[in-house]
Every structure is written in C-alpha cells, then in structure tokens.
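Notes for the one structure printed next.
Both ligands and their constituent atoms are indexed starting at 1 by order of listing. Just so we're clear, the structure is a prediction, and the values are computed from it rather than from any experiment.
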Amino acid sequence: MKNFNRTRRLRKSRVMRDMLAETSLSVEDFVYPLFIIEGINVKEEISSMENIFRYSIDRLSEELDELAEAGINKLLLFGIPQHKDSVASQAYAEDGIIQKAVRFIKTNYPDMLVITDICMCEYTDHGHCGIIDEKGYVKNDLTLEYLGKISLSHARAGADMIAPSDMMDGRIAYIRQVLDENGFEELPIMAYSAKYSSSFYGPFREAADSAPSFGDRKTYQMDYRNSDEAMWEHMNDIEEGADIIMVKPALAYLDIIQRTADMFLKPIAAYNVSGEYSMIMNAIKQGLVDESVIDEVLYSIKRAGAKIIISYHAKSYARRHKK
Ligand code: PBG
C-alpha cells in the first residue's frame with residue numbers, strides 16, 4: 001500500500017517552515033549578565049570569556065549603549081568589590097559597587113530592568129556563599145540575616161528585581177519578609193531554585209573572583225545526579241514566595257527545565273552559564289562549528305520550557321537577529 005504520509009511536504013519552503021515553527025525566540029526573552037568592578041576607567045576582558053568584560057561604573061555606558069542599541073533591556077548585575085571580608089560587608093554597604101551601579105543605571109537608563117544577584121561569594125574573603133563557622137561549614141540561619149541586609153540595600157538602591165543565588169534553606173521566605181516589612185512588597189524575587197553544584201561555573205569564578213579558598217559548594221548546591229530534589233527546591237521556593245524560579249546551569253539540565261515546566265505554572269528562568277558560553281565560543285574560534293550553534297542552543301533552552309534566558313550570548317544574538 002502506498003504511504004501517503006510525507007513529513008517533508010511541510011518543510012518545502014522557508015516561509016512554510018517559519019509558519020510552522022513551534023518555538024520562537026526574541027530579544028525580550030533575554031537577560032544579560034554584567035560584571036561591575038570598583039575603580040576608574042576599567043574595561044577589561046575576562047580571559048576565559050571572549051567578549052565579556054568587567055566595567056567600572058564610569059565606563060558602563062559603553063556597554064549599556066550597545067545593549068540598548070541591540071534591544072536588550074534586562075540586566076543581571078554582579079559586583080566585584082575592592083575589599084572582601086568574612087561577613088561580605090561590601091555586599092550590603094550603601095556605597096557598595098552594586099548599590100552605586102544600580103543608582104547609576106536607573107538614573108541614566110530608566111528603561112533597563114535591573115536584576116541584582118544576591119550572594120556573598122564575591123564579597124567574602126573565603127569565597128563561600130555565607131558565614132563560615134570554626135569548622136568551615138556555612139551557617140545557614142546566620143547567613144539569612146546577611147542576605148536580608150543585602151536584599152534590602154539593593155531594593156533601596158532601586159533594583160527592579162532581586163535574584164538570590166546562595167542556596168541557603170529558607171532564604172526566600174526570610175528575604176520576602178524583610179522586603180515586605182520595609183515597604184518593598186511589590187519587589188519581585190527570582191529564585192535560583194534548582195542550582196546545581198557545577199564545574200560549568202569555572203569561568204564565572206574567575207570573572208567575579210569568587211572561587212572558594214577551601215572546600216567546595218556541594219553542601220549547599222545541588223547534586224547533578226538528582227532531579228526530584230530540584231522539584232522539591234522549586235516547591236519550597238514557590239511556597240516561600242518566589243515569583244520566578246530558575247534552573248542553573250541550562251544545557252546539561254534541559255531535562256530539569258522541561259520537568260519544571262511540566263510541574264509548575266510559575267515563570268521559569270534558565271541560566272546559560274559561563275562554562276557553557278566559553279565552551280561554544282572556543283569551539284567557534286577554533287573553527288569546529290559556526291556561530292549558528294548559538295541559536296541552536298538558545299532555542300533548546302526555550303523549547304525545554306524556559307520563559308527567561310539568562311545568557312552571555314544575548315547581545316550577539318540580538319545583534320545578529322536585529323530586524
Ligand atoms: C553566585 C553565582 C555564581 C554564578 C551565578 N551566581 C557562581 C557560583 O555559584 O559559584 C555562576 C554563573 C555563571 O557561571 O555564569 N553564587
């Protein structure tokens with residue numbers, strides 16, 4: 001018998017393929033991470049991340065103008081302070097690097113949505129994401145108090161959304177309460193809910209100078225053998241008041257993104273992290289693949305179910321696809 005089913009009929013022309021595309025990606029989907037450092041006249045390329053720079057505030061406009069031109073209007077800020085100490089005091093200082101950067105951006109680029117990363121590892125001298133006890137363990141509940149202070153100081157500086165990335169237990173509820181008690185009931189929280197302990201963060205730790213000086217983050221970040229645990233983390237964070245939940249990294253965790261999308265009705269963000277970025281950039285540089293693999297990868301994240309994609313590729317993607 002003749003088989004009448006020919007799937008290729010629907011792939012005949014580009015117009016037809018475009019009509020039938022099930023996923024679309026737009027500049028609106030992206031959040032661009034930015035590294036901001038203390039000092040004057042700094043624009044330095046991060047050696048492990050091609051085309052990604054650290055900026056001092058006086059040169060930040062160069063980057064912000066490029067982003068605005070490309071159509072990117074959402075930022076995730078990371079700060080690199082001049083001084084680090086055991087309690088990350090520069091993370092909640094009123095004139096800390098992030099607080100100054102937020103004020104600068106909101107004053108000069110009011111249309112940019114500014115999200116700030118809430119963590120201590122860039123600000124502690126030991127590089128861990130919380131307060132450390134005598135034995136070298138992170139003290140969960142004491143750390144919450146600091147996360148509350150950091151969050152409030154970012155809110156006061158004018159951040160549009162905060163993104164706790166520390167993975168302490170109970171942090172979302174604690175931060176939510178601190179924000180509410182201080183008049184920031186309307187400030188949304190994007191929780192790094194399913195954050196895996198991953199070697200794909202390697203280049204970021206160089207960029208932010210945040211590698212732990214001893215031990216690792218395995219006691220507070222997730223084990224990559226687990227998927228159910230990620231669902232628990234999401235559930236807890238949603239119950240505690242998270243408005244957006246995140247999966248991080250993205251590419252080795254597409255199954256986690258998809259499962260999250262199947263199970264929860266909250267907006268999902270996926271963080272396409274530094275190591276994932278550098279791997280592809282190096283492969284392109286060596287001529288192993290061409291830059292269209294970037295689109296393929298970004299679409300896979302969207303297809304898996306992420307609504308928001310945090311990616312170092314965002315600017316170049318937006319430029320290449322500018323209408
Ligand atoms: C801070 C933080 C990290 C990243 C985002 N926020 C580093 C880490 O957890 O070690 C990594 C992002 C990236 O690799 O691009 N805790």
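Residue K195 places at least one N or O, backbone or side chain, under 3.5 Å from an N or O of ligand 1. Below 3.5 Å of separation, one finds an N or O of R217 facing an N or O of ligand 1.
In the candidate list S274, S198, S197, S274 is nearest to atom 14 (O) of ligand 1, counting heavy atoms.
Heavy atoms of M167 come nearer than 4.0 angstrom to ligand 1 in no pair at all.
Within ligand 1, the atoms closer than 4.0 Å to a non-hydrogen atom of F78 are 5 (C), 6 (N), numbered from 1 in the order shown. Close contacts between ligand 1 and Y271 involve ligand atoms 12 (C), 15 (O) [criterion: under 4.0 Å to a heavy atom]. Heavy-atom proximity to C121, at under 4.0 Å, picks out these atoms of ligand 1: 1 (C), 16 (N). Close contacts between ligand 1 and Y201 involve ligand atoms 8 (C), 9 (O), 10 (O), 11 (C), 14 (O) [criterion: under 4.0 Å to a heavy atom].
For A252 against F200, the heavy-atom pair with the smallest separation is CB-CE1, 4.3 Å. The two residues I310 and L76 come nearest to each other via the heavy atoms CG2-CD2, 3.9 Å.
One finds a salt bridge joining D18 and R14 here, because a Lys/Arg side-chain nitrogen approaches an Asp/Glu carboxylate oxygen to under 4.0 Å. Ionic pairing of R156 and E94 is not present here: no N-O contact between side-chain nitrogen and carboxylate oxygen is shorter than 4.0 angstrom.
Residue-level proximity to ligand 1 for Y312 is carried by the side chain, the only part with a heavy atom below 4.0 angstrom. If you look at D117 next to ligand 1, the close heavy atoms, those under 4.0 Å, all belong to the side chain.
Within a 6.0 Å sphere centred on CD of E186, other residues, nucleotides and ligands contribute 12 heavy atoms or fewer.
Between Y312 and Y271, the ring planes lie tilted relative to each other; the angle falls in the 30° to 60° range.
For the 3.5 Å distance criterion, the side chains of Q221 and S198 fail to qualify, holding no donor opposite an acceptor.
Remark: of the listed residues K315, K43, R59, K315 is the sole one forming a salt bridge (Lys or Arg N to Asp or Glu O under 4.0 Å) with E66.
In this structure, the protein non-hydrogen atom closest to atom 5 (C) of ligand 1 is K248 NZ, 2.7 Å. For atom 12 (C) of ligand 1, the closest non-hydrogen atom on the protein side is F204 CD1, 3.4 Å.
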